[in-house]
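To start, the structure itself, in C-alpha cells.
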Amino acid sequence: MDRWQGKVAIVTGASSGMGAATAVKLASAGMITVGLARRVERVEALRDNLPAEIAARLYPFRCDVSCEEDILKAFAFVEDKFGGVDVLINNAGTYKCVDLLAEDNSDVLRESLAVNVLAAAFCSREAVKSMKRRSVAGHIILINSIEGHKVPVYPGANLYPAGKHAITAITETIRNELRTAGTKIKVTSVSPGLVKTEMIDVCGTIAYGGEDITSLPMLQPDDIADGILYVLGTPPHVQVHELTIKPVGEPV
C-alpha cells in the first residue's frame, strides 16, 4: 500500500458493513478517504471513534447514490478539495426481500437498479474522468457477489442477482474501454459470499440454497476490506480481475 500513501479514495456506502470497514482500513493505511453515504451521520460517528491521526484522513460526505446529482456533487467536492480521486470502491448496495413477480413492487425494483447498477456506472465514469485528466494509474473496485456469477435459490431475490450479474458485465466493459484508451487504470470485481452485514439481517430466516441463512457460515466485513487492500497492494503491472471470497463451509 506504500504507493497509495496520501492518495485519495472514495468509498460508496460507507455508513455500515463492508463500506465502513473498508473506509477505516484505507484511512489507516494512509489514504485520504472520502466516505459517501446517505446516512452520513453514521460515517461521522465512525470517524469520531477513530484515533485522531486516522480520523483526520476520513471525510464523511452525504450522498444518496440513487441520485445522479448527488454523485456529481460528491465528485465535485473531491476535485475541489483534493484535486481528484485515485481509488474508487463501488460498495453501495441495497436489498429488500420482495419477489420479482410480486404485486406493487415497482419502487423496490427501481431502487435496486438505481443503487446496485446505475450508481456503480455513474461513479466509475466520474472517477475515470478524474484519473484520465491527471494521467493517474488509478484503481476502480466494484463490490460484486457470488450472485453475480450464479443465482442461488431463495425467496425475495427480485433484481439483486440480476444487478450483480450486471456488475460482472460492467467490470469487463470498463476493462475493455480502459485498455482501448491505453490507460494504466486497473479495475477489479470483488465477489464475497455471505457476509454478516445489515443486508443479511433484512433476510430474516429465509432458506438460502435450501438452508436457514442464519445457520450458514459467514464472513465479517473486515474480511472483505482485507481483500480490497490486497488487491490495491499488488504491483502496478498486476491486475486482479476477479477476487472471490467465501467463508469456509459455505454451501452456495
Side-chain angles (χ1 to χ4, degrees), residues 1-14 18-35 54 57 75 78 82-93 120-121 123-150 164-193 195 219-248 250:
M1 290 293 293
D2 288 349
R3 69 191 183 97
W4 297 115
Q5 293 287 314
K7 301 297 184 182
V8 179
I10 292 176
V11 181
T12 69
M18 295 180 287
T22 300
V24 170
K25 285 187 179 280
L26 291 178
S28 300
M31 295 197 73
I32 297 167
T33 305
V34 180
I54 299 172
R57 291 192 289 268
F75 277 85
V78 173
F82 305 113
V85 59
D86 303 290
V87 169
L88 169 65
I89 313 297
N90 277 307
N91 166 77
C123 288
S124 297
R125 179 192 68 196
E126 296 305 306
V128 168
K129 182 166 61 176
S130 175
M131 294 171 189
K132 282 183 175 180
R133 179 179 60 79
R134 295 172 296 123
S135 299
V136 166
H139 203 142
I140 307 290
I141 294 178
L142 299 102
I143 302 303
N144 197 339
S145 168
I146 58 170
E147 294 189 35
H149 307 278
K150 57 186 174 182
K164 290 306 184 181
H165 272 70
I167 292 298
T168 300
I170 287 170
T171 302
E172 295 308 313
T173 302
I174 290 173
R175 191 185 335 278
N176 290 337
E177 291 188 10
L178 292 175
R179 184 180 65 250
T180 300
T183 77
K184 297 297 183 182
I185 301 169
K186 299 183 187 182
V187 59
T188 301
S189 161
V190 175
S191 296
V195 184
L219 299 164
Q220 295 299 317
D222 277 346
D223 298 324
I224 309 308
D226 287 338
I228 289 170
L229 261 66
Y230 161 73
V231 167
L232 286 173
T234 55
H237 71 285
V238 174
Q239 177 168 260
V240 178
H241 282 221
E242 169 67 37
L243 179 64
T244 302
I245 310 174
K246 299 175 67 174
V248 173
E250 180 174 313

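Everything numeric in this text was worked out from a predicted model, so none of it was measured.
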What's the spacing between [X] [atom1] and [Y] [atom2] if we round to 0.5 Å?
| X | Y | atom1 | atom2 | value |
| --- | --- | --- | --- | --- |
| I140 | R125 | CD1 | CZ | 12.5 Å |
| T22 | I143 | OG1 | CD1 | 6.0 Å |
| I185 | S135 | CD1 | OG | 9.0 Å |
| H139 | M131 | NE2 | CE | 9.0 Å |
| I174 | S124 | CD1 | OG | 4.0 Å |
| I170 | E177 | CD1 | CD | 11.0 Å |

Distance-only, no hydrogens or angles: does the [X] side chain make a donor-acceptor pair with backbone N or O of [Y] under 3.5 Å?
| X | Y | answer |
| --- | --- | --- |
| D223 | Q220 | yes |
| Q5 | A29 | yes |
| T183 | A181 | no |
| R57 | A27 | yes |
| H165 | E147 | yes |
| S130 | V85 | yes |
| N91 | T12 | yes |
| T188 | I141 | no |

Checklist entry - Taking the side chain as C-beta and beyond, is there a heavy-atom pair between V136 and K7 under 4.5 Å? => result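 Not touching, per the 4.5 Å side-chain cut-off.
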- Query: Does the side chain of T244 come within less than 4.5 Å of I146's, by heavy atoms?
  - Reply: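 A side-chain contact exists here, since the closest heavy-atom pair is under 4.5 Å.
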Below 3.5 Å, can you tabulate the donor-acceptor pairs from side chains in residues 227-236 to any protein atom, sequence neighbours excluded?
from, atom 1, to, atom 2, distance (Å)
T234, OG1, K186, NZ, 3.1
T234, OG1, V231, O, 2.8
T234, OG1, V238, O, 3.3

Q: Determine, step by step, whether L26 and W4 satisfy the side-chain contact (heavy atoms from CB on, under 4.5 Å) criterion, reporting the C-alpha distance in whole Å, the side-chain angles of both residues, the deciding distance to 0.1 Å, and the verdict.
A: CA-CA 9 Å; L26 291 178; W4 297 115; over 6 Å; no
Notebook entry, point to check: Looking at H241, E242, H149, which one forms a side-chain hydrogen bond (donor to acceptor under 3.5 Å, both in side chains) with S189?
Noted result: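 Checked H241, E242, H149 against S189; only one passes side-chain hydrogen bond (donor to acceptor under 3.5 Å, both in side chains): E242.
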- Around K132, counting heavy atoms of other residues, nucleotides and ligands shown, do more than 12 lie under 6.0 Å from its NZ?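 Counting neighbours around NZ of K132, 12 or fewer heavy atoms of other residues, nucleotides or ligands fall under 6.0 Å, so no.
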Note to self: What I want to check is whether the side chains of R175 and T171 have a donor and an acceptor closer together than 3.5 Å.
What the structure shows: no
Checking side-chain contact (heavy atoms from CB on, under 4.5 Å) between N144 and each of I167, V190, N90, which is the one that passes?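 When I167, V190, N90 are each tested with N144, the side-chain contact (heavy atoms from CB on, under 4.5 Å) holds only for I167.
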Could you tell me which non-hydrogen atom of M18 sits nearest to which non-hydrogen atom of P221, and how far apart they are?
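Of all heavy-atom pairs spanning M18 and P221, the closest is N-CB, 3.8 Å.
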What's the verdict on side-chain contact (heavy atoms from CB on, under 4.5 Å) for V187 and L142, showing C-alpha distance, side-chain angles and the deciding distance? CA-CA 8 Å; V187 59; L142 299 102; 3.6 Å; yes
